[in-house]
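Step one of this worksheet: look at the structure below.
Positions are given from 1 along the sequence. What's counted below: heavy atoms across the whole structure, side chains too, no hydrogens, waters or symmetry copies.
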Amino acid sequence: MIISLVLKKLREWLDYQATVRELEGLDDRDLSDLGIGRSDIRSIARGSTR
């Protein structure tokens, strides 16, 4: 039970990190096309893991 919770949290953190890396790799124009500002990246990444 505890191990599955830890694994779930680890998976969520890894997904969060991957999303942040992907979005931070885009240039400002691509982000703008998606309607995302640089300051929104971490918030969006957090929302994508829930």
Side-chain angles (χ1 to χ4, degrees):
M1 180 93 128
I2 292 175
I3 293 174
S4 63
L5 178 61
V6 170
L7 289 175
K8 179 181 181 231
K9 291 296 181 183
L10 177 61
R11 209 171 305 117
E12 288 175 356
W13 182 78
L14 291 172
D15 289 345
Y16 167 81
Q17 292 296 320
T19 303
V20 168
R21 270 193 309 276
E22 285 286 325
L23 291 175
E24 285 181 343
L26 298 175
D27 62 25
D28 289 337
R29 182 177 176 145
D30 290 334
L31 287 172
S32 178
D33 288 346
L34 295 171
I36 299 172
R38 288 232 172 253
S39 61
D40 300 326
I41 289 175
R42 295 193 182 277
S43 175
I44 290 169
R46 262 187 250 108
S48 73
T49 60
R50 293 185 182 161

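- Contact annotation: the side chain of D33 never approaches that of L26 to less than 4.5 Å [non-hydrogen atoms, C-beta and beyond].
- Taking 4.5 Å as the limit, some side-chain heavy atom of R42 sits within range of a side-chain heavy atom of E24.
- Hydrophobic cluster membership is shared by I44 and V20, with clusters built from Ile, Leu, Val, Met, Phe, Trp and Tyr side chains linked at under 4.5 angstrom.
- Side-chain atoms of T19 come within 3.5 Å of backbone N or O of D15 as a donor-acceptor pair.
- Atom CD1 of I3 is surrounded by 12 or fewer heavy atoms from other residues, nucleotides or ligands within 6.0 Å.
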### Query
Given the rule in the side-chain contact (heavy atoms from CB on, under 4.5 Å) test, do D40 and L23 qualify, once you have shown the distances and angles that lead to the verdict?
CA-CA 10 Å; D40 300 326; L23 291 175; over 6 Å; no

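- Comment: E12 engages K9 in a salt bridge, judged by a side-chain N to carboxylate O separation of less than 4.0 angstrom.
- A continuous path of hydrophobic side-chain contacts links L34 to Y16 [ILVMFWY only; heavy atoms under 4.5 Å].
- Rounding to the nearest 0.5 Å places OG of S32 at 11.0 Å from CZ of R38.
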